[in-house]
Amino acid sequence: MKNLLYIDGKWTGNNLSKNAVHNPATGERIAEVPRGGKAEAMAAVEAAYKAFEEWSDTTAYERAALLKKYYGLIIDHEDELAELMTKEMGKPLKEARGEVHYAANYIEWYAEQAKRIYGETIPTHDKNKRLQVWKKPVGVVAAITPWNFPAAMLTRKMGPALAAGCTVVIKPSSDTPLTAIKLVELAEEAGFPKGVINIVIGSSSEIGDVFLSDSRVRKVTFTGSTEVGKILMKQGADTIKKLSLELGGHAPIIVLNDADIDKTVQGVVASKFRNAGQTCVCGNRIYVQSGIYEQFIDAFATRVKELKVGNGMEEGVDIGPLINQAGVEKVAQHVEDAVKHGATIVVGGEQPKEKGNYYKPTIIKDANEEMLMMREETFGPLAPVQKFETIEEAIRLANDTPYGLAAYVFTENLSLGTNIIEKLDYGIIGWNDGAPSAVQAPFGGMKESGLGREGGQQGIDDFLEMQYVSIGI
Ligand code: NAP
């Protein structure tokens, strides 16, 4: 692998200072990548700007063919990509393989969707006019992505952007640049023309500043924390930057008395402990109705005790390390605060003996609103459970947050489920489903969880401009 920046069809950055990439399972330094900054970001924007005219002039069928080829190459390199991902961010290899497929599917789905970017004709009020809506690619797109899904967060942006006819400059997280670099290598192999896809890695503030202030960048698409999303929104004000923001979550899980216990435990474990709890849609607080409270906790605890913690490269591991020591400290702080406020640890509640950024999968019961873990995103393997009596109380607790990304409801009762979901202010709902994400569905949040949607037919809209044309005949 080249471990370099890719700008205007050239691998570059050898002359720059380097950032080390570490394996969070072992602390081992696994690679060094150039630390790009303002100059590299500007060069990449320039390259994408120059390439836009020709790329946007290709037919949807030409773009679809390239995207399909790219999809095939990603699938062919599943093993290499999955191992890179596990080594640089820690998720178990089986989850990394799943992510490679999920990521590739965005490319394939938008290869097809490129052919369905339809305009409109509008009934005219005047015999001598024809009214139409044309769709055009927005232009240069800058994409900033986080470390927790190093492949899928990238392809969820690249797929629709390239399909729409935009050129892209990617900036992955400094913690996980290797998967992104490999994905760009495969794009080069697929044959995307120079300048259509560029990658810069390094100083996030310098690179972000170029993306948000350069008027040639017509759209910035960001996935990451709400805190950084707010900074970008402010920075983009001067150029009225088109922005998509996929930000933090604090997902509630509501379990009603009539829930099917086995299905619920399976769904809650999938939602809470996938990627060691480091997903934006993972259940962060579990509200269980009083009639099923103890029964649920017993069944949940039995399952969670079976989860194996360890290096994601090892067979059978369910919970890998957290991305860094700060991540471990945040979980420990939430546990300590909960116990101080009267909660009880049911399972886990400590770091295992293994070296590395590990924390044992943890269940805490008798949680309440005063506890930090019920108010902010933990981003770790901590499952707090709070008892509730009435459905109104559960809805109030679930909505009592500035976030609105994902929520989960477990009930077999159609009417109750429908009524609750209609009142939840969340962009994504899993009803008896702990893993609702799908490439063909719109993903995104309400309130401070973001702007816009990614995935599905809606996910390409943000990469297109609408142009209304009134034709006098
Ligand atoms: P983060 O700190 O916000 O970083 C995300 C990306 O932004 C990284 O590439 C980071 O680069 C970059 N960045 C940081 N400061 C920046 C600045 N001032 N200007 C421009 N770019 C900047 O978030 P994270 O810790 O990587 O990811 C975890 C967060 O992402 C969680 O809150 C999670 O909920 C959220 N998330 C949301 C979704 C969703 O779809 N809604 C999906 C996944 C994750 P460096 O790493 O190089 O600093």
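Heavy-atom basis, side chains included; hydrogens, waters and symmetry copies ignored. Along the sequence shown, residues carry numbers from 1. Both ligands and their constituent atoms are indexed starting at 1 by order of listing. Everything numeric here is computed off the predicted structure, so don't read it as measured data.
When non-hydrogen atoms are compared, ligand 1 lies under 4.0 Å from neither the backbone nor the side chain of Phe211. Of the heavy atoms in Pro172, only backbone atoms (N, CA, C, O) come closer than 4.0 Å to ligand 1. The residue Arg453 has no part lying near ligand 1, judged by heavy-atom distances below 4.0 Å. If you look at Glu227 next to ligand 1, there are no close heavy atoms at all, none under 4.0 Å. Contact annotation for Leu405 and ligand 1: only side-chain heavy atoms (C-beta onward) come within less than 4.0 Å of the ligand. Using a 4.0 Å cut-off between heavy atoms, Thr223 contacts ligand 1 through both its backbone and its side chain. The backbone of Leu247, and not its side chain, has at least one atom closer than 4.0 Å to an atom of ligand 1 (non-hydrogen atoms only; backbone = N, CA, C, O). Only side-chain heavy atoms of Phe443 come within less than 4.0 Å of ligand 1; its backbone N, CA, C and O stay farther off. Under 4.0 angstrom from ligand 1, the non-hydrogen atoms of Asn148 all belong to its side chain.
Between His250 and ligand 1 there is no heavy-atom distance shorter than 4.0 Å. Residue Leu232 places a heavy atom under 4.0 Å from ligand 1. Within the structure, the closest approach of Phe149 to ligand 1 does not fall below 4.0 Å when heavy atoms are considered.
Tyr110 and Tyr106 are not linked by any side-chain donor-acceptor pair at a separation below 3.5 angstrom, with hydrogens and angles left out of the test. Thr223 and Lys157 form a side-chain donor-acceptor contact under 3.5 Å, judged by distance and modelled atom types alone. Judged purely by distance below 3.5 Å, without hydrogens or angles, the side chains of His334 and Thr378 pair a donor atom with an acceptor atom. For Thr226 and Glu377, the side-chain atoms include no donor-acceptor pair closer than 3.5 Å. Using modelled atom types and a 3.5 Å distance limit, the side chains of Ser204 and Lys171 yield no donor-acceptor pair. Side chains of Thr179 and Glu88: a donor-acceptor N/O pair is present below 3.5 angstrom, by distance only.
A cation-pi arrangement is absent between Lys242 and Phe463 under the rule of less than 6.0 angstrom and at most 45 degrees off the ring axis.
Those atoms of ligand 1 that come under 4.0 Å of a heavy atom in Arg156, given as number and element, are 40 (O). In the vicinity of Met153, heavy-atom distances shorter than 4.0 Å reach the ligand 1 atoms 42 (C). Heavy-atom proximity to Ser174, at under 4.0 Å, picks out these atoms of ligand 1: 45 (P), 46 (O), 47 (O).
The pair Lys94-Asp318 meets the salt-bridge criterion, since a charged nitrogen lies less than 4.0 angstrom from a carboxylate oxygen. Taking 4.0 Å as the cut-off between side-chain N and carboxylate O, Asp79 and Arg97 count as a salt-bridged pair.
Atom 1 (P) of ligand 1 is flagged as protein-proximal [any protein heavy atom, distance under 4.0 Å].
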